Amino acid sequence: MTERFDCHHCSETLFGRKYIWKEENPYCVDCFETLYANNCEECKQPIGCDCKDLSYKDRHWHETCFHCSQCKNSLVDKPFAAKEDQLLCTECYSNEYSSKCHECRKTIMPGTRKMEYKGSSWHETCFTCYRCQQPIGTKSFIPKDDQNFCVPCYEKQYAMQCVQCKKPITTGGVTYREQPWHKECFVCTACKKQLSGQRFTSRDEFAYCLGCFCDLYAKKCAGCTNPISVTSENFIGHRFQGPTDPLHSSPGAAPARGITSHVSHREPTGHYLKLL
């Protein structure tokens, strides 16, 4: 006598028929699909044994039903995005939800790098220096008149050049005789010490600290032979007030008041410094 081989659910014989094993028990196709097949999210029909079951987050689709909710193009083996339980191809998602590039006005596709500044977005290749047209990327930049500049281009076009070292003045500086200087470049002609925070004077258009000026040019006392201090003459000295941003000007610093004595001889008068 031949051993029976029946469907575990309906008990119909499986000889000569297709069957599926489930939990070590055989089922005919009809019973298996009724008991275990997933229903398609799109058409609501069971996904049969002869169909591919495509799943995403515990949801299931027939292969032919797995398409973009807007353009209806197939999403099989393609990238897609989910929005409010809808599946969208990358193009439809970008057109509907992605930001637009401030420069070219095209959509910034999901997964591509974008640059953001003051609420606007750019493609990485569109966020460029206005002067050299090179992408700025993650480098520092300076905005000017609604345009963005890389630091080297900004310095070439807008920053003042120090009259001493010929390099751009980006932070801190003064003007002396209508010429710009770095704070560290504006030094005594003789001893090379910075004149920042000191009173100074000039001779033949060269700046000197008071000590060097006295040693080099002040009259010698007939009695003690020491130099007669500049502060004993009718002299006006000046104090450098410290660095400020040369691109954001502040009013010029007022000169310090000198000490006047009743001596007929007068040493050269100092000059005013203006903050850049």
Side-chain angles (χ1 to χ4, degrees), residues 1-129 134-141 143 148 150:
M1 183 176 178
T2 305
E3 184 178 354
R4 294 185 61 85
F5 185 59
D6 301 332
C7 171
H8 183 71
H9 182 69
C10 67
S11 299
E12 294 288 332
T13 182
L14 296 177
F15 283 115
R17 300 171 61 188
K18 290 182 178 180
Y19 62 90
I20 300 100
W21 287 95
K22 177 72 174 179
E23 297 174 355
E24 299 184 356
N25 294 309
Y27 293 85
C28 65
V29 171
D30 290 339
C31 288
F32 180 85
E33 291 181 351
T34 300
L35 294 172
Y36 300 111
N38 296 306
N39 287 329
C40 176
E41 288 284 332
E42 181 69 17
C43 68
K44 310 304 180 186
Q45 298 300 313
I47 302 174
C49 298
D50 56 346
C51 299
K52 284 187 178 180
D53 183 339
L54 303 181
S55 63
Y56 173 69
K57 290 188 175 181
D58 296 327
R59 300 164 66 195
H60 299 266
W61 289 264
H62 291 104
E63 185 177 17
T64 55
C65 294
F66 193 64
H67 53 68
C68 174
S69 298
Q70 288 193 8
C71 69
K72 306 304 180 184
N73 289 329
S74 174
L75 296 177
V76 177
D77 296 327
K78 295 179 180 178
F80 64 90
K83 185 72 174 180
E84 297 175 355
D85 292 333
Q86 289 187 327
L87 301 182
L88 300 169
C89 64
T90 55
E91 185 175 354
C92 288
Y93 181 88
S94 298
N95 292 335
E96 189 73 21
Y97 300 106
S98 293
S99 53
K100 301 293 189 293
C101 176
H102 184 75
E103 180 67 22
C104 68
R105 304 300 177 183
K106 294 181 180 179
T107 301
I108 301 175
M109 300 296 288
T112 59
R113 191 173 182 180
K114 69 177 181 179
M115 315 302 292
E116 293 183 339
Y117 176 63
K118 286 190 174 180
S120 297
S121 300
W122 286 261
H123 292 108
E124 184 178 17
T125 55
C126 291
F127 192 66
T128 59
C129 170
Q134 294 300 307
I136 294 174
T138 58
K139 296 181 292 187
S140 298
F141 67 97
N148 298 317
C150 64

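One-based numbering along the sequence shown. Remember, it's a predicted structure, so these values are computed and weren't measured experimentally.
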Pairs where residues 110-126 contributes a residue and the test salt bridge (Lys or Arg N to Asp or Glu O under 4.0 Å) is met, not counting sequence neighbours
R113-E124, K114-E116
Pairs where residues 73-94 contributes a residue and the test salt bridge (Lys or Arg N to Asp or Glu O under 4.0 Å) is met, not counting sequence neighbours:
none
Here the pair of heavy atoms bringing C129 nearest to I136 is N-CG1, 3.6 Å
Minimum heavy-atom distance between T90 and P79, given as atom pair plus value:
CG2-O, 3.9 Å
Test item: T112 side-chain N/O and I108 main-chain N/O as donor-acceptor pair under 3.5 Å:
no
Could you state the interatomic distance from [atom1] ([X]) to [atom2] ([Y]), rounded to the nearest 0.5 Å?
| X | Y | atom1 | atom2 | answer |
| --- | --- | --- | --- | --- |
| C65 | L75 | SG | CG | 12.0 Å |
| M115 | C101 | CE | SG | 11.5 Å |
| T125 | E103 | OG1 | CD | 10.0 Å |
| F127 | S121 | CZ | OG | 10.5 Å |
| D6 | E12 | CG | CD | 8.0 Å |

Should the pair W21 and F5 be assigned to parallel (<30°), tilted (30 to 60°) or perpendicular (>60°) ring geometry?
tilted
Within residues 51-66 or reaching into it, pairs that qualify as side-chain hydrogen bond (donor to acceptor under 3.5 Å, both in side chains) - sequence neighbours excluded
N38-D53, N38-H60, D53-H60
With Y93 via side chain to side chain donor-acceptor pair (under 3.5 Å) - residues at least two apart:
none
Ignoring hydrogens and angles, write down the donor-acceptor pairs under 3.5 Å from the side chains of residues 66-74, residues two or more places apart or on other chains.
from, atom 1, to, atom 2, distance (Å)
S69, OG, L87, N, 3.4
S69, OG, L87, O, 3.1
K72, NZ, S69, O, 3.2
S74, OG, V76, N, 3.2

Within a strict 4.5 Å, meaning less than it, do heavy atoms of the C150 and F141 side chains meet?
no
If we only count heavy atoms from C-beta on, is the C104 to H123 side-chain gap below 4.5 Å?
yes
Among residues at least two apart in sequence or on other chains, which ones pass side-chain contact (heavy atoms from CB on, under 4.5 Å) with H102?
R105, S120, W122
